[in-house]
Amino acid sequence: MTEFSIREYLRSMRLPFCTGCGNMTVISCFLKAVHELGYEDLRKFVFCSGIGCAAWIPSPHFKADSIHTTHGRSIPTATGVKLVRPTLNVVVFGGDGDLVGIGLSHLIHATRRNLDITVIMVNNMIYGMTGGQMAPTTPFKAKTTTTPYGNLERPFDATQLIVAAGACYAARWTTFHIDQLRGAMKRALTTKGFAFIEAISQCPTAFGRRVGLKTPKEMLRWFKEESVPVQKARKMTDGDLVGKIVIGDFVCRERPPFTKTVYETIKEAANDTQAS
Ligand SMILES: Cc1ncc(C[n+]2csc(CCOP(=O)(O)OP(=O)(O)O)c2C)c(N)n1
Ligand code: SF4
C-alpha cells in the first residue's frame, strides 16, 4: 500500500472554495478514508452531485467519473447509475439545500428503498453558493440574508429523518471531528445498503460572519463546544438539547440492499420466461 497523497486522487485544478471553507476538510477526510480502505485510485467509484458549493467537491476535481446534475437531482441520477453498474461505489455529495431542501423527497425515497449508495451531506446550515439565504437546516433565530430578524422556523434534524426512513447507516460529525468523520466515511463506504453522513461544516463567508462567528476557527470552536455524543443525548431532554449538535453513529443495521432485490427479481422473471 502506498503512502497517502491527496494529489493522487485530485485533478490538478484550483478548488473553488473560500479560504477556511469546511468543504476542504470533507475532501481530505473522504480521500483519506478511501485510501485507508485500500483504493489506490477512484476507478471503482462514480460520484453524483447537484448544485451548490458542496456539489463541487467531487466534480470535476476528483480523478474519477462524476456527474454534476441539476439542483436537488443527484439522488435520481445516482439511482440510475447504481442500477446499471451495481458493482461500483456510487457516492453522492451535496449541500443541505440540495439534499434536504429541493431534493428532500428523493433522499427519503432512496433511503426507504435501501438503495446501496453513500450520501455525504455537507451541512453548513445555509445556501452558501447563492449568497446566504436561509436553508431548512438554518438554526432557529439565526440571521441570514433572507431572515434579517432571525430565522422563524425550526431546522430539520436530517440524520434523525434518515434513520426514521430506514437507513442502514447514518452518522453525524463535524469538520472539527476529523478522525471520527473519516471513520464514519469508511463505515458508510463498506455498508451494504443506504448510508448517510451529515458533515456539519463551516461556511465562514455566507453564514459564520452573519451569526457573529467571525473566523473559521471560531466556527470550529462552536462545533467542538456544542457537540454532544448521541448516546448521551438520548438521556437528555429536548430543552437540554437546544443549540446542541448531536454527533456519532445514529444507526448501523443490515437490510437487503435495493440492487440485490432488483437483480434477483430480474433473474426470477427471466427463469419464468424460459419455463413458459
Ligand atoms: C431549480 C433551482 N433552484 C434554485 C437554484 C439556485 N441555487 C443554486 S445552489 C442553491 C443552494 C445551495 O445551497 P446548498 O445546497 O446548501 O449548498 P452550499 O452552496 O451551501 O454548499 C440554490 C438555491 C438552482 N440552481 N436551481
Ligand atoms: S460560500 Fe461558504 S460553502 Fe461556499 S465556498 Fe465559500 S465558505 Fe464554502
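Note that these values count all heavy atoms, side chains included, but never hydrogens, waters or copies made by symmetry. For ligands, and for the atoms within them, numbers begin at 1 and follow the listed sequence.
Residues Ile247 and Leu181 share a single hydrophobic cluster, defined by chaining ILVMFWY side chains whose heavy atoms lie under 4.5 Å apart.
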| request: Give the C-alpha distance, both sets of side-chain angles, the deciding distance and a yes or no for salt bridge (Lys or Arg N to Asp or Glu O under 4.0 Å) between Glu254 and Lys192. | output: CA-CA 7 Å; Glu254 286 185 22; Lys192 293 191 185 337; over 6 Å; no
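Atom CG of Leu152 has 12 or fewer neighbouring heavy atoms from other residues, nucleotides or ligands inside a 6.0 Å radius.
Contact check for Phe93 versus Trp56: no side-chain heavy atoms found under the 4.5 Å cut-off.
Atom OG1 of Thr137 sits about 7.0 Å away from atom CG of Asn124, to the nearest 0.5 Å.
Of the possible donor and acceptor atoms, none in the side chain of Ser66 sits under 3.5 Å from a partner among the backbone N and O of Phe62.
Between Asp41 and Lys63 there is no salt bridge, since no side-chain N of the basic residue sits under 4.0 Å from a carboxylate O of the acidic one.
Neighbours of atom 4 (Fe) of ligand 2 restricted to protein N, O or S atoms under 2.8 Å: the count is 1.
Residue pairs that meet the salt bridge (Lys or Arg N to Asp or Glu O under 4.0 Å) test with at least one member in residues 165-177, sequence neighbours left out, are Asp157-Arg172, Arg172-Glu198. Applying the ring pair (Phe, Tyr, Trp, His ring centres under 6.0 Å) definition to pairs two or more places apart or across chains, those involving residues 162-189 are Trp173-His177.
Contacts of ligand 1 (protein heavy-atom distance under 4.0 Å) are Ile51, Gly52, Cys53, Ala54, His71, Gly95, Asp96, Gly97, Asp98, Ile102, Asn124, Ile126, Tyr127, Gly128, Met129, Thr130.
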